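Here is the naming used below: chain letters follow the sequence lines, and residue numbers restart at 1 for every chain. In this text the structure is predicted, and so the values were computed from the model without any measurement.
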Amino acid sequence: MGQADRTTPADLVGATDATHFFTFDGRRVAARPGQSIAAALWTAGILAWRETRGAARPRGAFCGIGQCHDCLATVNGRPNRRACLVTARPGDEVTTQKGHGHAEPR
Amino acid sequence: MPSPGDPYDVAVLGAGPAGLAAAVTAAEQGLTVALLDAAQQPGGQYYRHPAPAARATRPDALHHDWRVFAGLRERLDAAEGVTRLYGHHVWSMTREAPGSPWSLHALTGEGDDDDASAPGTGTTVQARAMLLATGSHERHLPFPGWTLPGVVSAGGAQAMLKSGLALPGTRVVVAGSGPLLLAAATSLAAAGADVPEVIEASGYLGYARHPAALAANPGKLTEAARHGAALLRHRVRPRTRSAVTEAHGADRVEAVTVSRLGRDWRPVPGSERRVACDALAVGHGLVPRTELATTLGCATRRAADGTYALELGPLQETSLRGLWAAGETSGVGGAQAALVEGELAALAITARLTGRRPAPARRLRALRRRRDHLRAFADAMAAAHAPGPGWTRWLGDDTEVCRCEEVTAARVREAVADYGARDPRSVKLLTRAGMGWCQGRVCGTAVACLAAAAPDATPAPPDRRLLATPVPLGTLASLTPADPPPAAPDDPSEGHPS
């Protein structure tokens, strides 16, 4: 089955085609109304938006329900937001969270 | 609705199948109900669905019993006396003395709230009776490469699909153990993902050892057959007695190694084969979320899969008088059991608070019988999918066990072998495993298994946590004296399940 004729989750449930846009590290990313930041990033093929505090390894959503905190991102300058819980809003600026997300240790 | 300052008759914590069934039943019996959930809408994990803004015209396409949920939601909308408190993250449950009202301390404003100036506003809800319907979270067993982007939890893949309409990749291997894998594989395939294999560490023959539990629950066999037919239709190959023992890739998963497993889940050397994929959804069953109750000293029982569930009386009351539980908190048993237990608990609470008989004896008897049948099936299921101790053999020295604090298997083993740690708490103090953001919810099982590997180890006790969710210090500081701080547990000797 080719990419073009694949069913999508949105087709399956008959969701609206409307989209809005936010940015991730400066790149434009489309989101559906009500979609979480993590879900919109997955749909754009982006799986990592955090670098761990220790080894600076890439991480993204793991548990998908706000428990594991692996998906922490910096949203509009505020670090440590769980991307799987936060709804993407038009014009949001999402950036990769490095370490604890603060420029200076607190 | 109670007058301002008066406690609700009952607070129901969790708006999944158990909590919804309980809330509508209690309200229809005339009680005032506070229904709390961390999510912004009802459904829990099982009936998770897109936000209203997605305007999904076929939300039922990712559910096989959506009608049940739609029915509950209609009753909820029609019921008077239910205050819906969504977006409430409850971090503590207290009461001043046995018999006095419960206080639920919650944070609002985390998650969906975009008001960066006021994150995590604190609030307190009081109720005369308390029903815990907090469900479960997934059990994880680490393996080399499991922290790679693209490796996601099976429940997480389900959740991100059901509400976020998102897939982690186009070719998704599903692996681990338990019935959730079949449900996840079925929905991923229906939503357009290529699912080459479902890899189950146990065999399904385990169920055959419990013929009575199967015979009493024909619906469960129908459910299994429906998943089987769907997988066949999507050309998904189920593999039993196998496990993903490594995920490969540089910055994201590109392939996994699948090994056959021996009797106790020990990987069979030489049986490895590689399966290409761009995502892996993995999980090893579910763990009841009971920490709000165990922190108060509630009695627990150890289920056949090694998890701790709340010990309940015949009408769903815990060992603390006035605190009831339904659904996965009383042992992972699925949505049907949760619906029955929620209704039963609500009828029991009504009887306690009003002093009158809430329902015909016939109805109570039928609910109890159905609950017992479903519980018997749940026990058979737990036994069939209990992790074998051999799984720790697929860990590498540098496999991260604790994802938050980046603690490797070698460091945990060192804490056990060289420093004498015999339980997760000692391992945590020595290595920081379980001390991070998730508070050990993800690594807890693995750390407990590694600590139990010592010859003189005893099984880890159930989790106790003073705070059930991260709380800003400012919120704690702003508690007024009228809000009792989370204090000493109630006296657990107060009573037995009744």
Chi angles and distances behind the side chain to side chain contact (heavy atoms under 4.5 Å, CB included) call for B/L62, A/V13: CA-CA 7 Å; B/L62 283 167; A/V13 303; 3.8 Å; yes
Taking B/A53's backbone N and O only, do any of them form a donor-acceptor pair with A/R32's side chain (distance below 3.5 Å, no angle check)? no
The single option from B/R289, B/E138, B/Q439 that satisfies side-chain contact (heavy atoms from CB on, under 4.5 Å) with A/Q67 is B/R289
Expected output: side-chain B/S153 to main-chain A/F62 donor-acceptor under 3.5 Å: yes
In terms of heavy-atom proximity below 4.5 Å to chain A, should B/H49 be classed as side chain, backbone, both, or neither? neither
Distance from A/T87 atom OG1 to B/Q40 atom CD, nearest 0.5 Å? 7.0 Å
Okay, A/L72 and chain B: the region with an atom under 4.5 Å from a heavy atom over there is side chain
Name the option with the most non-hydrogen atom pairs under 4.5 Å to chain B; the candidates are A/A31, A/G45, A/P58. A/P58
If you count heavy-atom pairs within less than 4.5 Å of chain A, which of B/T147, B/L148, B/D60, B/L161 leads? B/T147
Which atoms of B/A39 are under 4.5 Å from chain A, going by heavy atoms: the side chain, the backbone, both sets, or neither? neither
Against chain A, label B/E400 side chain, backbone, both or neither, depending on which of its atoms sit under 4.5 Å from a heavy atom there. side chain
For B/P168 and A/W42, which heavy atoms make the closest approach, and how far apart are they? N-CE3, 3.4 Å
Checking B/R403 against chain A: side chain, backbone, both or neither under 4.5 Å from a heavy atom? both
For B/W437 and A/H69, take the angle between the two ring planes, folded into 0 to 90°, and tell me which bin it lands in: parallel under 30, tilted 30 to 60, perpendicular over 60. parallel
I need the minimum non-hydrogen distance between A/T43 and B/A166, along with the two atoms involved. OG1-CB, 3.6 Å
Atom group of B/A189 that falls short of 4.5 Å from chain A, counting heavy atoms: neither
Rounded to the nearest 0.5 angstrom, the NE2-CG distance for B/H89 and A/L85 is 6.0 Å
Of the listed B/A61, B/A159, B/A54, the one with the largest count of heavy-atom pairs under 4.5 Å with chain A is B/A54
Highest number of heavy-atom pairs under 4.5 Å with chain A among B/V151, B/D251, B/V282 belongs to B/V151
For chain A, which of B/P149, B/A38, B/C404, B/G164 has the most heavy-atom pairs under 4.5 Å? B/P149
Gap separating the CG atom of B/D278 from the CG atom of A/L47, nearest 0.5 angstrom: 8.0 Å
Identify which part of A/N76 has an atom lying under 4.5 Å from any heavy atom of chain B, answering side chain, backbone, both or neither. neither
Using a cut-off of under 4.5 Å on heavy-atom pairs, state which of A/G54, A/G60, A/G77 scores highest against chain B. A/G54
Measuring from A/C63:SG to B/H137:NE2, what's the distance to the nearest 0.5 Å? 10.0 Å
Would you call A/R53-B/E405 a salt bridge at under 4.0 Å N-O? yes
So which part of A/A83 gets closer than 4.5 Å to some heavy atom of chain B, the side chain, the backbone, both or neither? neither
Counting heavy-atom pairs under 4.5 Å with chain B, which one of A/G64, A/A10, A/G14 comes out on top? A/G14
Under 4.5 Å from any heavy atom of chain B - which part of A/T8: backbone
Distance (rounded to the nearest 0.5 Å) between A/Q35 CD and B/M160 CE: 8.5 Å
If you take all heavy atoms of B/V152 and A/A61, which pair is closest and at what distance? CG1-O, 3.6 Å
Given the rule in the side chain to side chain contact (heavy atoms under 4.5 Å, CB included) test, do A/I65 and B/Q45 qualify, once you have shown the distances and angles that lead to the verdict? CA-CA 8 Å; A/I65 61 169; B/Q45 299 308 331; 3.1 Å; yes
If every non-hydrogen atom of A/P9 is compared with every non-hydrogen atom of B/L167, which pair is closest and at what distance? CG-CG, 3.8 Å
Please report the closest heavy-atom contact between B/R58 and A/L12, naming both atoms and the distance. NE-O, 3.2 Å
Would you give the length of the straight line joining atom SG of B/C438 to atom CG of A/D70, rounded to the nearest 0.5 angstrom? 8.5 Å
